[in-house]
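A quick write-up on the structure given underneath.
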Amino acid sequence: MAEAAEYSQKEIELHNSAGDAWMVIHGEVYDVTNYIQSHPGGVDVLIEAAGTNASEAFDNAGHSDDAFDLMVPLRIGKLKGYKKRKARIALAKSITPPTSNTSPSTKKVTSDTAKYTIVSLGTAALYYGLTTSGMDRNIMSKASSLGKNLVTFAPKWAVSSDTVVTSTSSKPGFLMGLLVGAGVLASVHTLIARRLLQIVVSLDSPRYPYHFKVPKTPEFNLLQQRGWLDSEAAASAIPLAKKELVSPNVYRLTFTLPSSHPILGLPTGQHVAITTVIDGETVTRSYTPTSNNADKGILELLIKVYPDGKMTNGYLANLNIGDEVHFRGPKGAMRYSRQLCKKIGMVAGGTGITPMFQIIRAICESDRDTTEISLIYANRTEQDILLREELDAFARRYPKIFKVYYVLENHSSEWKFGSGYVTKDMMAEMFPSSSEEGSKVMICGPPGMVTAAKKSLVSLGYKQPGASAKMSDEIFVF
Ligand SMILES: Cc1cc2nc3c(=O)[nH]c(=O)nc-3n(C[C@H](O)[C@H](O)[C@H](O)COP(=O)(O)OP(=O)(O)OC[C@H]3O[C@@H](n4cnc5c(N)ncnc54)[C@H](O)[C@@H]3O)c2cc1C
Ligand code: HEM
């Protein structure tokens with residue numbers, strides 16, 4: 001069999017136009033010139049990738065097996081000197097996942113309880129050590145003359161032990177009262193304060209727990225943990241467990257993850273693809289779950305049904321409980337982490353809120369993330385606003401972190417937010433300036449809105465993004 005031709009990076013770079021387009025994908029060289037116009041992911045992305053190593057952008061799009069089949073006849077050779085990278089090591093293998101079924105907030109309180117119990121026990125142990133040591137007898141006898149009566153503050157169990165009190169000079173006194181009392185009171189107060197705060201804010205919204213914006217324990221990033229989704233595997237099917245109509249034409253669909261993989265495994269900012277066959281045609285669409293890795297055992301979607309929508313009206317709206325749906329992912333160029341930027345402006349239209357919500361939720365629910373977000377969310381009518389209760393609750397709880405401004409095409413005279421379309425002036429007023437270090441704008445919505453928002457942002461000084469989205473883009477389009 002003939003050896004595959006080998007091309008250098010320099011040779012490939014010469015084939016960089018729509019009429020002559022080569023590219024490298026994982027060490028293989030493809031001539032996509034005759035495929036560009038048929039590419040379902042868009043003509044522009046392939047033209048932009050012509051003459052380059054497009055492996056990362058290709059992976060980010062999360063191509064299906066069909067795409068891999070289509071690539072075979074386009075392959076013309078290999079990249080000279082290409083060395084295969086080592087297989088990715090599953091993060092899940094190096095990090096022991098939490099085993100209990102408790103919610104993140106419950107886990108936080110449980111670990112706090114454990115901490116305070118340890119402090120209390122430590123205090124009691126210290127007291128025990130002091131009262132039984134010879135050195136302590138001196139201190140205790142001196143202290144007891146000062147604070148004999150203060151011992152009454154100590155609980156009975158701490159003062160009545162025969163092993164501790166054997167002489168008048170070693171009777172529990174001031175030091176013991178101070179130590180035991182302070183330890184127990186501090187623990188109880190802190191626990192009560194935390195509990196009360198959680199109860200008060202849980203009345204605010206039933207869905208998401210309250211969090212403290214204070215750096216605390218070393219970070220375990222559950223949201224980046226790998227799980228059921230596997231970008232390298234074929235689509236897998238899971239059953240629909242719940243279907244709720246949350247507003248006209250909008251369903252909340254809850255799917256059950258396999259018990260062997262109860263964590264979704266979707267990094268923040270990424271999405272999944274649903275594939276089905278409708279009238280003999282394979283249809284694939286992207287969706288960003290509103291659930292994340294913290295919601296064990298489920299994958300939850302918010303779906304807006306369009307009257308002429310192939311996937312939504314032709315398939316998802318007709319699903320019955322128990323029906324299995326094929327998911328693929330994680331997909332997408334965005335992998336949010338708190339180091340990404342300091343301030344984010346967001347423009348969302350209709351269901352374009354779902355990727356934004358995923359990031360907003362991750363930031364607001366993290367104790368360590370202080371990234372500031374300003375969201376402009378456009379819809380036709382007030383009824384069309386998705387996840388409003390949750391967005392308003394986040395804005396109320398974290399006013400320094402999250403601000404939201406709604407814009408409606410049609411509204412009543414009492415409407416107190418924006419009117420019409422999203423404008424350049426709205427973005428200039430709400431968003432960080434393009435010159436501010438660590439600022440970024442994210443856009444997701446109908447194509448008309450995306451184009452108009454990009455144009456306005458470029459005129460405000462933001463850098464025009466390429467056809468295929470990159471995490472480093474100043475204007476990131478989902
Ligand atoms: C990253 C990403 C995440 C997404 N997440 C969600 C999600 O969580 N929930 C969700 O419901 N959708 C989401 N979408 C949109 C989704 O992928 C489909 O575009 C949408 O469900 C319509 O598909 P369809 O086959 O039913 O409609 P199509 O047959 O493709 O189109 C039908 C009609 O709807 C219009 N239309 C299509 N998409 C939109 C849109 N986004 N806004 C306004 N009009 C539109 C078309 O112009 C057309 O008139 C997301 C899209 C992206 C890129
Ligand atoms: C020979 C090369 C390629 C082939 C045959 C190919 C084929 C396909 C196919 C069949 C789809 C439809 C979805 C699917 O079935 O996966 C698709 C979608 C897509 N492709 Fe490609 N592709 C190629 C290269 C690329 C490259 C290099 C990029 C990026 C630079 C890219 C970006 C995308 C995007 C963004 C989508 C849309 C994904 C979505 O909507 O979720 N593709 N491609």
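All ligand and atom numbering here is 1-based and tracks the order in the structure.
- Near Ala54, meaning under 4.0 Å from one of its heavy atoms, ligand 2 places the atoms 27 (C).
- A donor-acceptor pair under 3.5 Å links the side-chain atoms of Asn53 to the main chain of Ser55, judged by distance alone.
- Under a 4.0 Å criterion applied to the non-hydrogen atoms of Val32, ligand 2 contributes the atoms 1 (C).
- Under the side chain to side chain donor-acceptor pair (under 3.5 Å) criterion, Thr33 pairs with Asp31, sequence neighbours left out.
- Of all protein N, O or S atoms, those under 2.8 Å from atom 21 (Fe) of ligand 2 number 2.
- Residue Tyr35 has no nitrogen or oxygen atom sitting less than 3.5 Å from a nitrogen or oxygen atom of ligand 2, judged on distance alone.
- The residues Asp323 and Lys243 are annotated as not salt-bridged, no charged nitrogen and carboxylate oxygen being separated by less than 4.0 angstrom.
- For Lys463, the NZ atom counts as loosely surrounded, since its 6.0 Å shell holds 12 or fewer non-hydrogen atoms of other residues, nucleotides or ligands.
- Every residue was checked against the side chain to side chain donor-acceptor pair (under 3.5 Å) condition with Thr52, not counting sequence neighbours, and none meets it.
- Counting heavy-atom neighbours within 6.0 Å of Asp279 CG, excluding the residue itself, gives a total of 12 or less.
- Of the charged side-chain nitrogens involved, at least one lies within less than 4.0 Å of a carboxylate oxygen, so that Arg75 and Glu28 count as a salt-bridged pair.
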**Request:** Decide side chain to side chain donor-acceptor pair (under 3.5 Å) for Thr276 and His326; before the verdict, give the C-alpha distance in whole Å, the side-chain angles of both, and the deciding distance to 0.1 Å.
**Result:** CA-CA 7 Å; Thr276 190; His326 282 83; over 6 Å; no

**Request:** Check the pair Arg252 / Glu300 against salt bridge (Lys or Arg N to Asp or Glu O under 4.0 Å), numbers first and verdict last.
**Result:** CA-CA 7 Å; Arg252 179 175 284 130; Glu300 182 189 276; 3.7 Å; yes

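- Contact atoms of ligand 2 toward Leu70: 5 (C), 10 (C) (distance under 4.0 Å to a heavy atom of the residue).
- At a 4.0 Å cut-off, not a single heavy atom of Ala273 sits close enough to ligand 2 to count as contact.
- Note that atom 31 (C) of ligand 2 has protein non-hydrogen atoms nearby, at separations under 4.0 angstrom.
- Nearest protein heavy-atom contact of atom 39 (C) of ligand 2 is Lys331 NZ, 3.8 Å.
- With a 4.0 Å heavy-atom cut-off, ligand 2 is reached by the side chain of Met23 but not by its N, CA, C or O.
- A salt bridge does not link Glu372 to Lys342: none of the charged side-chain nitrogens sits closer than 4.0 Å to a carboxylate oxygen.
- Glu390 and Arg361 are not joined by a salt bridge, as no carboxylate oxygen comes within less than 4.0 angstrom of a charged side-chain nitrogen.
- In this structure, the protein non-hydrogen atom closest to atom 29 (C) of ligand 2 is Ala57 CB, 3.7 Å.
- Of the protein's heavy atoms, Ser286 OG, 4.0 Å lies nearest to atom 40 (O) of ligand 2.
- Close N/O approach between His271 and ligand 2 is not found [any backbone or side-chain N/O within under 3.5 Å].
- The environment of Gln464 atom CD is dense: over 12 non-hydrogen atoms of other residues, nucleotides or ligands sit within 6.0 angstrom.
- Ordered by chain and residue number, the residues placing a heavy atom less than 4.0 Å from ligand 1 are His271, Arg285, Ser286, Tyr287, Thr288, Leu302, Ile303, Lys304, Tyr306, Asp308, Gly309, Lys310, Met311, Thr312, Thr351, Thr354, Pro446.
- At a 4.0 Å cut-off, at least one heavy atom of Leu74 sits close enough to ligand 2 to count as contact.
- Residues His15 and Trp22 bring their aromatic ring centres within 6.0 Å.
- Between Asp66 and ligand 2, no N or O atom pair is found at a separation short of 3.5 Å.
- Between Glu474 and Lys440, no side-chain nitrogen of the basic residue sits less than 4.0 Å from a carboxylate oxygen of the acidic one, so the salt-bridge criterion is not met.
- Only one option out of Tyr287, Trp228, Phe327 pairs with Phe255 in a ring-ring contact (aromatic ring centres under 6.0 Å, His included); it is Phe327.
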